[in-house]
Asks: 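My questions will all concern the structure given below.
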Amino acid sequence: MADKLMDKIVSLSKRRGFVFPGSEIYGGLANTWTYGPLGAQMMRNIRNHWWQSFVVSKPEIYGLDSEIIMSPKVWEASGHTSGFSDAMIECKKCHRRTRADHLIENNLKDVKVEGLPTEKLDEIIAENKLPCPYCGAFDWTPARNFNLLFETHIGIVPETESLAYLRGETAQGMFVNFLQVVQSMRPKLPFGIAQIGKAFRNEITKGNFIFRTLEFEQMEIEYFIRQDNWEKHFDEWKELMWNWITDLGVSPAKLRWREHTKDELAFYSIKTEDIEYDFPFGGFKELYGLAYRTDYDLKNHAEKSGVDLRYLDPTTNEKFFPHVIEPTFGLNRTFLTLLIDAYIEDSGRVYLKLDKRIAPYRLAVFPLVRNKEQITNKAKEVFDLVKDKYPTAWDDRGNIGKRYFSQDEIGTPYCVTVDYQTLEDNTVTIRDRDTMQQERIKIDDILKHIA
Ligand code: GAP
């Protein structure tokens, strides 16, 4: 059932222009995907909604748009060049590589492997004689750590001097620019710096559609606080994160918080909890993370750069490194979760019950018939009235039933039809995606109705 659901979502995504396989005309490139016309609009809607919720509506949170390529020293100071790696094993028969933790997780459902040392992973694989997922052989090399950062080179200087990395998380942009934000905005603690942007990881295992990809977008906040009240802020952010995703309609019964064990904590964190979603592939998996990063990052950057990154409290004159609570939201996983959670099949009808703020189109406008100029012109007037306010679809193909079917499948909340009666009294029918009820309303009331 679960596999079928994913097959349906992948197929609908491709057929209707949400997500296409990356580089498909060249045979594809694993773990890369293109967001099509509807996907690009939906991604934009999620970004805008997140920015509105956490930056525009929160005066103590400042937006940022830092660069993807930063000095390689950033990644040395942050610990990513040494600590940001996956344990890989290679099959000696077919020479394909795979992540040791995923091999174990895919075969032994109850074993938690995150953060275990490579020797322990080797032991579990050997004890359970876990075979190669590609050729079935059981002949592995020992697990070896493999760095996830993508390397690149700048200019034409010798390789060792030109080495740079594509950022592995947006978070470092916030730490590296901490002082500039403090000097330009003069914020008082607690305050946050937020950004939305691409991050890159050299992931080499099964991606499960857009769940795990080489490039993806993060929506992250570094929330700077005093150390003594970190637990209060942690709990507040837990609530804000939960409310944000459930307010978008994702079923709370399919979400849960899970705290990282000591073994699986990232190298920078002393407490992390993930919001997990019950995905159709393999059950509960990480959707978002909430980490208490202490003062690890600012301290390290201060030490390695030689620049004093301490915060000067304007009232007490104390100088100290603020501590950090980091709520991190994956944009692509949000997109995937919303699609899966919204997918409904009901008596042969397929529809996406997407929140109207997120659906690619807020409404669709139909002229009842195609060959009647007055109706088409009136429908164009209606389209022009709404198109600058909301993404709006236009459809004059086939019959009305087919058009409803087509808009339901992409989650359009409202369909407005201009018919003969419109020409007489300036009213239209407006049909609700979820109830399938139609109402007659005045053209002047459309915007109010769909707001
Ligand atoms: N700054 C903290 C950080 O980067 P993370 O748990 O490694 O933490 C944050 O990543 C979020 O980014 C995850 O919760 C997930 O939503 C998303 N994410 C991580 N790796 C991803 C990948 N390869 N593909 C898609 N999304 C990913």
Side-chain angles (χ1 to χ4, degrees), residues 19 22 29-33 35 39 43 46-47 50 64 66 68 70 74-75 78-80 83-86 99 101-102 114-115 146-150 165-176 192-223 237-238 241-242 244-245 250 255-260 264-277 279 281 284-294 296-298 324-340:
V19 182
L29 179 66
N31 298 336
T32 67
W33 298 87
Y35 290 79
M43 289 284 267
I46 301 171
R47 267 186 221 110
W50 188 90
L64 189 78
S66 73
I68 284 169
M70 295 191 275
V74 171
W75 304 104
S78 69
H80 281 80
F84 191 53
S85 55
D86 282 334
R99 257 175 77 169
D101 56 346
H102 287 178
E114 285 191 58
F146 166 88
N147 197 283
L148 290 182
L149 284 181
F150 267 107
Y165 303 97
L166 304 187
R167 68 180 172 201
E169 59 171 4
T170 61
Q172 292 308 318
M174 273 84 96
F175 297 121
V176 170
I193 309 182
Q195 77 170 318
I196 300 178
K198 286 231 165 159
F200 301 81
R201 293 184 192 172
N202 207 347
E203 308 273 10
I204 54 165
T205 43
K206 203 165 88 189
N208 282 321
F209 190 35
I210 54 172
F211 179 80
R212 181 174 290 105
T213 47
L214 300 183
E215 60 182 276
F216 53 98
E217 268 182 75
Q218 295 184 316
M219 308 186 285
E220 296 197 299
I221 301 161
E222 305 308 320
Y223 201 71
W237 275 106
K238 253 181 103 167
M241 292 177 82
W242 184 269
W244 192 78
I245 188 65
V250 173
L255 293 166
R256 71 175 187 197
W257 280 105
R258 190 183 69 80
E259 184 168 353
H260 283 205
E264 62 183 302
L265 280 174
F267 56 91
Y268 50 72
S269 171
I270 60 169
K271 176 172 170 134
T272 295
E273 290 196 40
D274 289 340
I275 295 190
E276 296 186 330
Y277 180 76
F279 287 100
F281 42 89
F284 280 98
K285 288 182 191 301
E286 176 181 351
L287 171 61
Y288 304 144
L290 176 62
Y292 171 39
R293 286 180 86 126
T294 67
Y296 175 91
D297 301 271
L298 284 181
V324 171
I325 301 290
E326 179 195 64
T328 174
F329 300 68
L331 173 60
N332 314 71
R333 285 192 194 170
T334 306
F335 181 103
L336 177 61
T337 302
L338 291 173
L339 274 191
I340 293 170

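All values below were derived from every heavy atom in this structure, side-chain atoms included, with hydrogens, water molecules and symmetry-related copies excluded. Each ligand, and each atom within it, is numbered from 1 in the order the structure gives.
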Asks: Quick one: look at D274 and ligand 1, take heavy-atom pairs under 4.0 Å, and tell me if it's side chain, backbone, both or neither.
Replies: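 No part of D274 comes within reach of ligand 1.
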
Asks: Using the benzene-type ring in the case of Trp, are the ring centres of F284 and Y277 under 6.0 Å apart?
Replies: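 No, too far apart.
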
Asks: Give yes if a backbone or side-chain nitrogen or oxygen of R212 is under 3.5 Å from a nitrogen or oxygen of ligand 1, and no if not.
Replies: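 No, there is no polar N/O contact under 3.5 Å.
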
Asks: Which bit of N332 gets closer than 4.0 Å to ligand 1, counting heavy atoms only: side chain, backbone, both or neither?
Replies: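 No part of N332 is near ligand 1 at this cut-off.
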
Asks: Given H80, E286, K285, identify the one with the heavy atom nearest to atom 14 (O) of ligand 1.
Replies: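 Result: the heavy atom closest to atom 14 (O) of ligand 1 is in E286.
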
Asks: Please list the nearest protein heavy atom to atom 3 (C) of ligand 1 with its residue and the distance rounded to 0.1 Å.
Replies: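 For this ligand atom, the closest protein heavy atom is E220 OE2, 3.6 Å.
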
Asks: Any side-chain heavy atom of F200 within less than 4.5 Å of one from I68?
Replies: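 They are in side-chain contact.
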
Asks: Does a side-chain heavy-atom distance below 4.5 Å link L214 with F150?
Replies: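 Yes, at least one pair of side-chain atoms sits under 4.5 Å.
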
Asks: Just need the protein heavy atom nearest to atom 12 (O) of ligand 1, so name the residue and atom and give the distance.
Replies: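 For atom 12 (O) of ligand 1, the nearest protein heavy atom is Q218 NE2, 3.4 Å.
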
Asks: Could you tell me whether the side chain of R167 reaches within less than 4.5 Å of the side chain of S66, counting heavy atoms only?
Replies: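 Yes; the side chains approach each other to less than 4.5 Å.
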
Asks: So, are E276 and K285 salt-bridged, with charged N and O less than 4.0 Å apart?
Replies: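 Not counted as a salt bridge, because no side-chain N and carboxylate O are separated by less than 4.0 Å.
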
Asks: Is R258 salt-bridged to E286, going by a charged N under 4.0 Å from an acidic O?
Replies: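 No salt bridge links R258 with E286.
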
Asks: Counting from 1, what ligand 1 atoms have a heavy atom of A171 closer than 4.0 Å?
Replies: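 Those qualifying, in numeric order: 1 (N).
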
Asks: Which ligand 1 atoms does L287 reach within 4.0 Å, using its non-hydrogen atoms?
Replies: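 Taking each heavy atom of L287 in turn, ligand 1 has 14 (O), 15 (C), 16 (O) under 4.0 Å.
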
Asks: Is any side-chain N of the basic residue among E169 and K198 closer than 4.0 Å to the acidic one's carboxylate O?
Replies: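 Between K198 and E169 there is no salt bridge, as every charged N stays at least 4.0 Å from the carboxylate O atoms.
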
Asks: Using a 4.0 Å cutoff against the non-hydrogen atoms of F211, which atoms of ligand 1 qualify?
Replies: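 Once the distances to F211 are compared, the set is 24 (N), 25 (C), 26 (N).
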
Asks: Do any N/O atoms on E326 end up under 3.5 angstrom from N/O atoms on ligand 1?
Replies: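 So ligand 1 has an N or O lying under 3.5 Å from an N or O of E326.
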
Asks: What I want to check is whether the side chains of T272 and E259 have a donor and an acceptor closer together than 3.5 Å.
Replies: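 No donor-acceptor contact under 3.5 Å links the two side chains.
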
Asks: Students should be able to answer this: which protein heavy-atom is nearest to atom 24 (N) of ligand 1, and at what distance?
Replies: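 Sorting protein heavy atoms by distance from atom 24 (N) of ligand 1 puts T213 N, 3.0 Å first.
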
Asks: Using heavy-atom distances, let me know which of F335, Y288, Y268 sits nearest atom 8 (O) of ligand 1.
Replies: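 Nearest option to atom 8 (O) of ligand 1, by heavy atoms: Y268.
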
Asks: Looking at ligand 1, does E276 have a heavy atom less than 4.0 Å from it?
Replies: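 E276: no contact with ligand 1 (<4.0 Å).
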
Asks: Is the Y288 ring parallel, tilted or perpendicular to the F329 ring (thresholds 30°, 60°)?
Replies: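 Tilted.
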
Asks: Please confirm whether the ring centroid of F211 lies under 6.0 Å from the ring centroid of F279.
Replies: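 Between F279 and F211, which both carry aromatic rings, the centre distance is below 6.0 Å.
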
Asks: Measuring centre to centre across the rings, with the benzene-like ring taken for any Trp, is Y35 within less than 6.0 Å of F335?
Replies: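 Aromatic pair counts; centres sit under 6.0 Å.
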
Asks: Run the side-chain contact (heavy atoms from CB on, under 4.5 Å) check on L290 and I325 step by step: do they pass?
Replies: CA-CA 7 Å; L290 176 62; I325 301 290; 3.7 Å; yes

Asks: So for T328, does at least one of its heavy atoms come nearer than 4.0 angstrom to any atom of ligand 1?
Replies: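 The answer is yes, since T328 has a heavy atom less than 4.0 Å from ligand 1.
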
Asks: Please state which part of R293 comes within less than 4.0 Å of ligand 1, counting heavy atoms only: side chain, backbone, both or neither.
Replies: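 R293 to ligand 1: side-chain contact only, backbone stays beyond 4.0 Å.
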
Asks: Out of all atoms in ligand 1, which are within 4.0 Å of some heavy atom of R201? Include the element for each.
Replies: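 Heavy-atom distances to R201 below 4.0 Å select 3 (C), 4 (O), 5 (P), 7 (O), 10 (O), 19 (C), 20 (N).
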
Asks: Specify the protein heavy atom at minimum distance from atom 17 (C) of ligand 1: its residue, its atom name, and the distance to 0.1 Å.
Replies: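 Among all protein heavy atoms, the one nearest atom 17 (C) of ligand 1 is G330 CA, 3.9 Å.
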
Asks: In the protein, which heavy atom is nearest to atom 18 (N) of ligand 1, and how far is it?
Replies: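 Residue, atom and distance for the closest contact: F216 CE1, 3.5 Å.
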
Asks: Please report which non-hydrogen protein atom sits nearest to atom 15 (C) of ligand 1, along with the residue it belongs to and the distance in Å to one decimal place.
Replies: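 Looking only at protein heavy atoms, the one closest to atom 15 (C) of ligand 1 is R333 NH1, 3.5 Å.
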
Asks: Looking at every non-hydrogen atom in both residues, tell me the closest pair between M219 and T334 and how far apart they are.
Replies: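 Here M219 and T334 meet closest at CE-OG1, 4.0 Å.
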
Asks: Under 4.0 Å from any heavy atom of E169, which atoms of ligand 1 are there?
Replies: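 Contacts of ligand 1 toward E169, numbered from 1: 1 (N), 2 (C), 3 (C), 4 (O).
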
Asks: Would you call E273 and K238 a salt bridge, using N to O less than 4.0 angstrom?
Replies: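 Counted as a salt bridge, because a side-chain N and a carboxylate O are separated by less than 4.0 Å.
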
Asks: Tell me whether F329 has any N or O atom under 3.5 angstrom from an N or O of ligand 1.
Replies: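 Among all N and O atoms of F329, none is under 3.5 Å from an N or O of ligand 1.
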
Asks: For the 3.5 Å polar cut-off, considering only N or O atoms, please tell me whether I210 and ligand 1 meet it.
Replies: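 Not met; the criterion fails.
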
Asks: Could you tell me if any non-hydrogen atom of Y277 lies under 4.0 Å from any atom of ligand 1?
Replies: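 The answer is no: ligand 1 sits nowhere under 4.0 Å from a heavy atom of Y277.
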
